[in-house]
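Letters A, B, ... are given to chains in the order of the sequence lines, protein chains preceding strands, and every chain is numbered from 1.
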Amino acid sequence: MNDASTPQTLFEKVWAAHVVAQEPDCPSVLYIDLHLIHEVTSPQAFAELATRGLKVRRPDRTVATMDHLTPTLPKKLAVLDESAKNLLDTLERNCEEHGIELFPWGSGSEGIVHVIGPELGATQPGKTIVCGDSHTATHGAFGALAFGIGTSEVGHVLATQCLLQERPKTLEVVLTGTPGPGVGAKDIILGLCAQIGIGGATGHVIEYRGEAIAALSMDERMTICNMSIEVGARAGMIAPDETTFAYLKGRPMAPKGGEWTAAVETWKELCTDAGATFDRTVHLDVSALEPMLTFGTNPGMGIGVSQSIPNPKDASSSSDVDALTKALHYMGLEASRPLVGQPIDVVFVGSCTNSRMQDLRDAASVMKGRKVAEGTRVLVVPGSAAIKREAEAEGLDHIFQDAGAEWREPGCSMCIAMNGDALEAGQYAVSTSNRNFEGRQGKGSRTFLASPLTAAAAAVTGQITDVRTLLGTDK
Amino acid sequence: MQSFTTLNSKLIKLLVDDIDTDQIIPARFLKTTDKLGLGQHLFSNWRYNEDGSENGDFALNQAAMKGRKVLLSGDNFGCGSSREHAPWALSAWGFRVIISTSFADIFRSNALKNGLLLVEVSKEHHKELTVADSDAEVHIDLSTRTLQLADKEPIEFPIDAFSKRCLADGLDQLGYLQSFQEAIEAYERGQ
Ligand code: SF4
């Protein structure tokens, strides 16, 4: 532990509290409080344990769900391919054998791993949380140090509850101002991606700070931390505050009674001390942002909705010229044209970035009383079974279905297109997910990343539309 | 894990920046549990045409490139998902070394667990390699941390002591972690 008088950042406090051992010229041995697992990146890790005759060290600190491969049609209607079925069965077997709590598909408790962790109250301030999934950064919204790991490391954590980690650098992202109408958390993070680029935070843990962060709900904070990996960051964190505590109170795995009071006292210490320093600082004024969309093939290729698609001729380096040219060719877009008016085949509202209640309410607020444009298909996929129930209790499912959208079962769905929900080659989607890489939503898919509001605007107009023109107007 | 000492090979150039893990191995191939089989799907979206035939323009498909073990890529190689299938696919195809100006963090960590050496070079050195003759040999020596084009000065690359040990000795990282059993137990008691 550091000398109490040395000011520390939030990251430094959590890191220091979890170093089990440190040999010279070696990475730290870092203790992991919570290990989330899913069906795609865990089977080889369990197989490795079996080969070595090892047990899971702390099944009580391991939580499993099924999300990547599960169809979003009701379980009795769904058809699975053999390999997907095999991975799901393997996870079930592994959990049973090692005594790991599993929230299986169709049980009414399942959901996207980064949605159910917080929802269960398993995600808590000050914890170290890992998962064989790069969007584990989501959990940093609670002041946890949460990051994605590979399958070998999943095996390391299963066997030892520890990981070998080089200490990352720190990057402070200071968010100031108040977002204008139609601008929200997704636009803020897409704005950051556009500003610093997809490798902009490689090797760093981000702490999001400033008045604009304090004003956000937990759902919004999760959207921001979720996409930390899209700027290459190891993790993204936000100091816990009253908003965090209010969200966690009463959740199934959150501390109860006297333990709750004690936990909150400890959590209140989890903030960056005055005078603590970061390796780097970036500023972003959110009042200057418009609704954001990506136009290219990585999350850093984003612009405000009123801007024109960049022209490779104006790029600053020859590699940028190549990258832009290649991206526009793949997307079938012309440089220097506006994005507004671009016809859209599919709209996807979902993924661990934007499938929570606030996201669904946002999308519903635009779709209410309107109809999905002819020729456009709209999929709304809640992040978890619990969110699905809550949304239905509020009647959001009717708003979506009355508009002509499909209301699905929870899962990753078209974010990664492994479960059968996919775009056809060449199709255009406005998607609330986090990656617009070539082929991410199906081979040949073309993705525009945007907020739930902007996605809903595309749903009802069949094209890219500035959602601000639909807000507060008569339908 | 295969250990790494020295290597002589010609380069395969794939000079695209920000090659993400969805390009290295698209998600539809993650449903397999067979690591070696992933080699045939490496860069699948770029390597095969719509009808499944090979795209003859793509570097990996050219006869002269077969058997080469060093990939020269653009900046920020391996960004995106945490899938270890990416280094599995690269290794299964036969790559032992990737050269770039920068690598994504999770990819770096995954590569190390699979005996794949990542050589990070400056922009200038990258340029030098980019313009090198397509049949030029490179010599890579882990003990001296150098990469050398046949008729050029050796280029030093950074690698931390632990990663070097993992690659050179094939150090078993899980075994190393297990050696801290007592410290882990003590930590848990103190929680
Ligand atoms: S929703 Fe998408 S990004 Fe999130 S965990 Fe699932 S596949 Fe990964």
Q: Relative to chain B, which segment of Ile416(A) carries a heavy atom at a distance below 4.5 Å: side chain, backbone, both, or neither?
A: both
Q: Sort out for me which residue in Asn61(B), Asn55(B), Ile19(B) forms a side-chain contact (heavy atoms from CB on, under 4.5 Å) with Phe43(B).
A: Ile19(B)
Q: Heavy-atom distances under 4.5 Å only: say whether Arg234(A) touches chain B with side chain, backbone, both or neither.
A: both
Q: Salt-bridged, Arg108(B) to Glu166(A), with N to O below 4.0 Å?
A: no
Q: For Gln23(B), which atoms come within 4.5 Å of any heavy atom of chain A: side chain, backbone, both, or neither?
A: side chain
Q: Give, as side chain, backbone, both or neither, the part of Ser109(B) having an atom under 4.5 angstrom from any heavy atom of chain A.
A: side chain
Q: With a 3.5 Å cut-off and no angle check, do the side chains of Ser122(B) and His125(B) form a donor-acceptor pair?
A: yes
Q: Which atoms of Glu438(A) are under 4.5 Å from chain B, going by heavy atoms: the side chain, the backbone, both sets, or neither?
A: both
Q: Side chain, backbone, both or neither: which part of Leu69(A) has a non-hydrogen atom closer than 4.5 Å to chain B?
A: side chain
Q: Please determine, among Gly232(A), Cys162(A), Ala422(A), the option with the most heavy-atom pairs under 4.5 Å with chain B.
A: Cys162(A)
Q: Keeping Gln148(B) on the side-chain end and Lys152(B) on the backbone end, is there a donor-acceptor pair under 3.5 Å?
A: yes
Q: Less than 4.0 angstrom from a charged side-chain N to a carboxylate O is my criterion; do Asp135(B) and Arg68(B) meet it?
A: yes
Q: Answer with side chain, backbone, both or neither: which region of Asp105(B) has an atom nearer than 4.5 Å to a non-hydrogen atom of chain A?
A: both
Q: So, Arg52(A) and Asp172(B), do they make that salt bridge, N to O below 4.0 Å?
A: yes
Q: In terms of heavy-atom pairs under 4.5 Å, which option from Leu164(A), Val40(A), Asp322(A) contacts chain B the most?
A: Leu164(A)
Q: Identify which part of Asn298(A) has an atom lying under 4.5 Å from any heavy atom of chain B, answering side chain, backbone, both or neither.
A: side chain
Q: Under 3.5 Å, is there a donor-acceptor pair linking the side chains of Ser28(A) and Gln22(A)?
A: yes
Q: What I want to check is whether the side chains of Asp33(A) and Gln191(B) have a donor and an acceptor closer together than 3.5 Å.
A: yes
Q: Go through the atoms of Tyr187(B) and report whether side chain, backbone, both or neither lie under 4.5 Å from a heavy atom of chain A.
A: side chain
Q: Identify which part of Phe103(B) has an atom lying under 4.5 Å from any heavy atom of chain A, answering side chain, backbone, both or neither.
A: backbone
Q: Tell me, for Glu185(B) versus chain A, whether the close heavy atoms (under 4.5 Å) come from the side chain, the backbone, both or neither.
A: both
Q: Please state whether the side chain, the backbone, both or neither of Asn434(A) comes within less than 4.5 Å of a heavy atom of chain B.
A: neither
Q: Just by distance, no angles: are the side chains of Asp141(B) and Thr146(B) close enough, under 3.5 Å, to form a donor-acceptor pair?
A: no
Q: In terms of heavy-atom proximity below 4.5 Å to chain B, should Glu39(A) be classed as side chain, backbone, both, or neither?
A: neither
Q: Indicate whether any N or O donor in one side chain lies under 3.5 Å from an N or O acceptor in the other, for Asn226(A) and His114(A).
A: no
Q: Can you tell me which portion of Ile198(A) sits under 4.5 Å from chain B's heavy atoms? Options are side chain, backbone, both or neither.
A: both
Q: For chain B, find which of His68(A), Arg58(A), Arg57(A), Glu23(A) contributes the most heavy-atom pairs closer than 4.5 angstrom.
A: Arg57(A)
Q: By a 4.5 Å heavy-atom criterion (distance strictly below it), what part of Ser163(B) contacts chain A: side chain, backbone, both, or neither?
A: neither
Q: Quick check on Ala159(A) against chain B: is it the side chain, the backbone, both or neither that has a heavy atom closer than 4.5 Å?
A: side chain
Q: Could you tell me whether Lys35(B) and Glu84(B) have a side-chain N and a carboxylate O separated by less than 4.0 Å?
A: no
Q: Checking heavy atoms, do the side chain of Arg165(B), its backbone, both or neither come under 4.5 Å from chain A?
A: side chain
Q: Does a side chain donor of either Glu48(A) or Gln44(A) reach within less than 3.5 Å of an acceptor in the other side chain?
A: no
